[in-house]
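To start, the structure under review is shown below, and the notes come after it.
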Amino acid sequence: MSRYGVEKACYDLRNEANRRLFKETPQDFLARYPLSGEERTQIMQGDVGALFTSDVAAGAIGELMRTFDYDMATYVAKVRESLGLAPDDSQLAILRARAGGRKRFT
Amino acid sequence: MSTLVAAMAVAHVPGHTINPDMVPADQMQRIRHAWEELRRDLERASPNIVIAVSNDHFQNFFPVQPPFCLGSGDTHLMPAATRAAPLKLPSLSISGCPLFAEHVLETADACGLPLAFSDELLFSDEISIPQRFLDPENRFKWVPILTNCLNRNRPSPQSFFKLGEVIAKAIDRWNDDPRIAVVATGGLSHDPFGPRWCLIDEAFDRRFLELLEAGALDTLFEEFSLQRILEPGKGGTPEILNWFVGQGVVGRGRRAEILCYEPVPVWATGVGYARWLLT
């Protein structure tokens, strides 16, 4: 387990050229980082839930959310599922309101 | 010897400028009122320097991850150009104070808590939002200190408190600028990118603020261990560590006055605004 390597790979995805390389040839991009085979697979599959349970910094995982174009509800569902947490309806309502940019959410 | 003329703690959530119109009107009114109170406090205090303590949001603290890093530049761009559009906040050049920054670095080292420093910190919402609400005419010199709340190996509440004590000592030993204010800034319970994203632990927030208001420092340390602070969400709740710095600056026994607390789900955080009573 190399949390540092995972975080470095994820943070580097903030760079447009890196994101493009990752999408085109993920193996080549990830070869730069000290990762276990399992970590490599988790990043390639956008498995944000598994990475969250490995205590990777949330900000780093957030870069994967952007790279894989997960909306907030999808992302949270993956993280909650990995932790064995059931969906929370009130949370989903808020996430959808945010995504919709609705005025005056109560 | 300089004097601490104001000490306050505020939220810095980007929703303040991105989507205030999504917050219920009565809630937004109370938040605006708190900002206005604190802005007037600062205006009355007329500080030569404002020391602002907030956490990095991953834009500076990777791959190097210091516990605390002081902005030593003679100006700071707040927010950084790349963050202006997302924050709906124009970038402004804010005056710094390199001489005082150097003095803080020396004081911190003498106190056994050496700090990292940089002339080129990138700023996002963490200090830019408080700067804009508290100093809209851009009159004051700002000395920022960024902290590690969100990465692994973050310092303990006691270390954050000690940083506050270091700042107090630096103020006490400084002669060039007679009036100095401190702004500690961070959200309360929140969990961006975590399982509790947009869920707020009101009981946690209210208890934290209650203890600050009571000046009950020992209980605060006892109940708000690092482990406990992570429970409502490690993605953001550790930002309350910055509030310990404010308490460290004013010292043990000083009470805070809570001007406003609001759970704001659509901003994904509980927000608090407070000032410490200095007399």
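Given the structure is predicted, the values throughout are model-derived calculations rather than measurements. Per chain, numbering begins at 1; letters A, B, ... match sequence-line order. We use all heavy atoms of the structure for the numbers below, so side chains are in, but hydrogens, waters and symmetry mates are not.
Shown here is E223(B), whose CD atom has more than 12 heavy atoms of other residues, nucleotides or ligands within 6.0 Å. Within a 6.0 Å sphere centred on CD of Q158(B), heavy atoms belonging to other residues, nucleotides or ligands number more than 12. Within a 6.0 Å radius of CD in E36(B), other residues, nucleotides and ligands contribute more than 12 heavy atoms. By the 6.0 Å contact criterion, CD on E38(A) is open, its count of non-hydrogen atoms from other residues, nucleotides or ligands being 12 or less. The number of heavy-atom neighbours closer than 6.0 Å to CG of D26(B), taken from other residues, nucleotides and ligands shown, is above 12. The number of heavy atoms from other shown groups lying within 6.0 Å of CZ (F117(B)) does not exceed 12.
Note that CH2 of W267(B) is 11.0 Å distant from CZ of R98(A), once rounded to the nearest 0.5 Å. From R152(B), atom CZ reaches atom OH of Y4(A) across 9.5 Å, with rounding to the nearest 0.5 Å.
Looking at I61(A), neither its backbone nor its side chain comes within 4.5 Å of chain B, counting heavy atoms on both sides. Residue F52(A) touches chain B through both its backbone and its side chain, counting heavy-atom pairs closer than 4.5 Å. Both the backbone and the side chain of E7(A) come within less than 4.5 Å of a heavy atom in chain B.
Within residues 184-201 of chain B, the residues approaching chain A closer than 4.5 Å by heavy atoms are, in numerical order, P192(B), F193(B), G194(B), P195(B), R196(B), W197(B), C198(B), L199(B).
Closest approach of A97(A) to M22(B), counting heavy atoms only: O-CE, 3.3 Å.
Side-chain contact between F58(B) and E63(A): absent, with no pair of heavy atoms (C-beta onward) separated by less than 4.5 Å.
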